[in-house]
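Quick one: structure below, then a few questions.
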Number of protein chains: 2
Amino acid sequence: MVTLAEVARHAGVSASTVSYVLSGKRSISAPTRERVEHSIKELGYHPNAGARALASSRSNIIALMVPLRTDMYVPVMMEIAIAVATTARSHGYDVLLLTGEEGPAAVRRVTGSGLADAMIVMDVELEDERLPLLHAARQPTVLIGLPADTVGLTCVDLDFTATGALCAEHLAELGHREIAVVGEAPAVYERHTGFAERTLEGLRRRAGELGVRLLHRACEGSYESMDGTLSRIFDERPGTTAFVVQNEAAIDPLLSLLRRQGRAVPEDVSVVAVCPEQVATQASVRLTSVAIPAQEMGRRAVELAVAKLAGGAPEEQVTLLAPELTVRSSSGRAPGAP
Amino acid sequence: MVTLAEVARHAGVSASTVSYVLSGKRSISAPTRERVEHSIKELGYHPNAGARALASSRSNIIALMVPLRTDMYVPVMMEIAIAVATTARSHGYDVLLLTGEEGPAAVRRVTGSGLADAMIVMDVELEDERLPLLHAARQPTVLIGLPADTVGLTCVDLDFTATGALCAEHLAELGHREIAVVGEAPAVYERHTGFAERTLEGLRRRAGELGVRLLHRACEGSYESMDGTLSRIFDERPGTTAFVVQNEAAIDPLLSLLRRQGRAVPEDVSVVAVCPEQVATQASVRLTSVAIPAQEMGRRAVELAVAKLAGGAPEEQVTLLAPELTVRSSSGRAPGAP
DNA sequence: GCCGGGCGTCGAAGCGCTTCGACGACTATG
DNA sequence: CATAGTCGTCGAAGCGCTTCGACGCCCGGC
């Protein structure tokens, strides 16, 4: 274990000089710097993280809280997590992975121990029990997702309301008058994770404005559940000609079951999905979809956190990413439409 | 920021006493302990992670290196990552998330800086470039996956060779004589990640022993690719009556395309998958499958790492988890079989 | 009644780094 | 030519914790 002192001795300078070479916080003459850098390389020196954290009260670590559940939108989460890790590294930070399991206790532990300099919290619920603690902590925090009350918080999320509206518009333009929304699993609504509700709200409002009828049904991501949901939808609204799906796991079952029922996509029914690009392009039909910009969300979250750490960011800031609808092969003019 | 010294003053004891109360490394009388614990609670004290790491040269952090690619077996990885995080917490460790992006440099950085006490590496390639560094590091390391040479390494993995053999046996018993293997994407084989090859090897060997013909084709997880693969398989071996799939993303396309071609599962063709339980039970047909025990792998990896840290584990230890085949509704007797 | 040995507690010495003030050696300025 | 300012470097003081040796104290044994 090479220490800074050994590097200093090897280079014939004092410890503080080595430190300043490393941090660049004071000017160092070129020859000295080179000598020090050479010694560092030659000895294979790596600063000790603990000592550095203790002395500077900065750990250069960003904590990321991911939900414990592995049953939902996993690819999205993973993509966010990886984007967070990658972006954090590019800013000189490492990422500490916390699971929701510990709940608020994890927040307390991390902020209390100085383990991390900032915190990124995923899967925020509308009335999240971690919020009060996050408020109290002097640690910069960024939420991915939107709680009910965003006062004093920094949040990043896809603008799901606009997403819903966008889907409604697209389908209305194509002449559809009866749209069915296949939502997330009931559990998602029960947890009040916000995004599902917001999509629905956007859909409802815009559909209302455009005179389109909307039917919403929650749905698990299995074939059985999709089968039931589908029957109920067509029983209740036989004139349904379009679907909006927000549950990744439900997409394949939906397409598959529609096909089995002899309903062609997009000739008989149109389908618009809210899902990651990859899912949309790899489904059995190339799906018209609004992408969930997971990478972008992760990246933004880190950048906001870093900005807050540098003191250059406003206290409160809600970043809603504008949705983009990509037309592919699953949506077309409504059957009876002109 | 409450410090240990303040707790000590508040409780009327010395700092070392508080430290010993916290660590339990020396006996403390009950009244003193209670007084200290009470002060800790009252002041809301949390030990500073950096100071602790510096003084004890233990960070209580386990580093987890996950592959950067988000294109493959993502749910499995996520499940492993979460199991690692959860298990680590239950042993008093936090988890640092590293992406493969930095490659060997990340290993050097983490081991050099004392950021983590141990390291868990996922997605190990047969001739992984990180291996020499991991060997050199005095940090305990556990690999999830099997490199070509395991000398001196601790590894955890599903026994994919046995998995392949198990699939072959199951299908042979049902009377199938021609089996097609739908493998991972070509990129997986190019990276030499081992597990795909090992499954194939197990399949080949056992199939050979049982007199069953085997055809292997790599396949991307898309419908187009699956479509092509399927045609080529039936062109080459029209008598194929069974499939083994190891690519999660290929499962839905496979089932869907078979159905479209009018081949019933399991009446005309049987399908056996190697995938997480959840995928097997949520597909359009409940799949006979060998589960990938992601949680178990994550848990084991952490436990091995912790054991190594405690000094109670052998240097070299390869843990191969025995595969279990669960018969569901996608496999049945071969059409012509007695 | 005296001595050896636990047991419980304390003081002090670091762990390796950052950072602040100080200080010598220059350069620019009037 | 004296003086103020700048630049590059150093020394020392911690950051908050762990841990080792030391030191009373009280107990039991003879």
Side-chain angles (χ1 to χ4, degrees), chain A residues 1-37 39-40 43-61 92 109-117 138 309, chain B residues 1-37 39-40 43-61 92 109-117 138 309:
Chain A
M1 178 94 279
V2 188
T3 71
L4 183 143
E6 296 175 47
V7 174
R9 201 175 319 127
H10 186 272
V13 297
S14 74
S16 42
T17 301
V18 178
S19 178
Y20 287 123
V21 167
L22 251 32
S23 69
K25 293 194 179 173
R26 283 200 186 175
S27 50
I28 297 286
S29 68
T32 308
R33 186 179 329 113
E34 278 157 28
R35 212 142 31 88
V36 170
E37 277 164 357
S39 297
I40 288 177
L43 300 179
Y45 168 71
H46 282 271
N48 178 301
R52 184 169 264 195
L54 176 57
S56 65
S57 38
R58 286 295 220 100
S59 63
N60 287 307
I61 288 182
R109 195 165 54 81
V110 169
T111 61
S113 67
L115 233 183
D117 295 334
R138 71 222 156 300
L309 281 170
Chain B
M1 180 93 279
V2 188
T3 71
L4 183 143
E6 296 175 47
V7 174
R9 200 175 320 127
H10 186 271
V13 298
S14 75
S16 42
T17 301
V18 178
S19 178
Y20 287 123
V21 167
L22 250 32
S23 70
K25 293 193 179 174
R26 284 200 185 174
S27 50
I28 297 286
S29 68
T32 308
R33 185 177 333 111
E34 278 157 26
R35 211 141 32 87
V36 170
E37 278 163 356
S39 297
I40 288 177
L43 300 179
Y45 168 71
H46 282 269
N48 177 299
R52 185 170 263 196
L54 176 57
S56 64
S57 38
R58 285 295 219 101
S59 64
N60 287 308
I61 288 182
R109 195 165 54 81
V110 170
T111 62
S113 66
L115 234 184
D117 296 334
R138 72 222 154 301
L309 282 170

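Below, chain A is the first sequence line, B the second, and so on; all start at residue 1.
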Main-chain N/O of B/Ser27 paired to B/Arg33 side chain as donor or acceptor, under 3.5 Å: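 No; judged by distance alone, with no hydrogens or angles, the pair does not exist.
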Sugar-phosphate only, base, or nothing, as touched by B/Ser16 at under 4.0 Å among non-hydrogen atoms: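 Base contact.
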Nearest-0.5 Å distance, CD of residue A/Glu6 to CG of residue A/Leu43: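 Rounded to the nearest 0.5 Å, the CD-CG separation comes to 7.0 Å.
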Value rounded to 0.5 Å, distance of OG in A/Ser14 from CZ in A/Arg9: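 Spacing of OG (A/Ser14) from CZ (A/Arg9) equals 12.5 Å.
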B/Ala30 or A/Asn48, whichever maps to the more 5' nucleotide of DNA chain C: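 In this pair, the answer is B/Ala30.
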Residue pair A/Ser19 / A/Ser16, side-chain donor-acceptor N/O under 3.5 Å: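 Looking only at side-chain atoms, A/Ser16 and A/Ser19 do not form any donor-acceptor pair under 3.5 Å.
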Phosphate-side-chain proximity, A/Lys25 and C/dT18, N/O vs OP1/OP2 below 4.0 Å: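 Answer is no, no contact under 4.0 Å.
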Between CZ on residue A/Arg58 and CZ on residue A/Arg52, distance to nearest 0.5 Å: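 Between atom CZ of A/Arg58 and atom CZ of A/Arg52 there are 11.5 Å.
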Phosphate contact (C/dT9 OP1 or OP2) by B/Ser29 side-chain N/O below 4.0 Å: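 Answer is yes, contact under 4.0 Å.
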Sugar-phosphate only, base, or nothing, as touched by A/Leu54 at under 4.0 Å among non-hydrogen atoms: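 The answer is base, as A/Leu54 lies within the cut-off (heavy atoms under 4.0 Å) of a base atom.
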Touch class at under 4.0 angstrom, heavy-atom based, for B/Ser19 against every strand present: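 B/Ser19: base contact, heavy atoms under 4.0 Å.
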Every protein N/O lying under 3.5 Å from an N/O of nucleotides 22-24 of chain C:
residue, atom, partner, partner atom, Å
C/dA22, N6, A/Arg26, NH1, 3.4

By side-chain contact (heavy atoms from CB on, under 4.5 Å) - contacts of A/Arg26 (at least two apart):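 A/Arg26 satisfies side-chain contact (heavy atoms from CB on, under 4.5 Å) with A/Tyr20 only.
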Proximal nucleotide (of C/dG8, D/dT9, D/dG8) relative to the A/Thr17 side chain: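 Looking only at heavy atoms from C-beta outward on A/Thr17, the closest nucleotide is D/dT9.
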OP1 or OP2 of D/dG8 under 4.0 Å from side-chain N/O of A/Ser27: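 Looking at the OP1 and OP2 atoms of D/dG8, one of them is under 4.0 Å from a side-chain N or O of A/Ser27.
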Donor-acceptor pair (no angle test) under 3.5 Å: B/Ser14 side chain, C/dG11 base: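 Under the 3.5 Å cut-off, the side chain and the base do not form any donor-acceptor pair.
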N or O in side chain of A/Arg52 less than 4.0 angstrom from C/dT18 OP1/OP2: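 For C/dT18, OP1 or OP2 has a side-chain N or O of A/Arg52 closer than 4.0 Å.
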Under 3.5 Å donor-acceptor pair, A/Tyr20 side-chain atoms to C/dC20 base atoms: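 Answer yes: a donor N or O sits under 3.5 Å from an acceptor.
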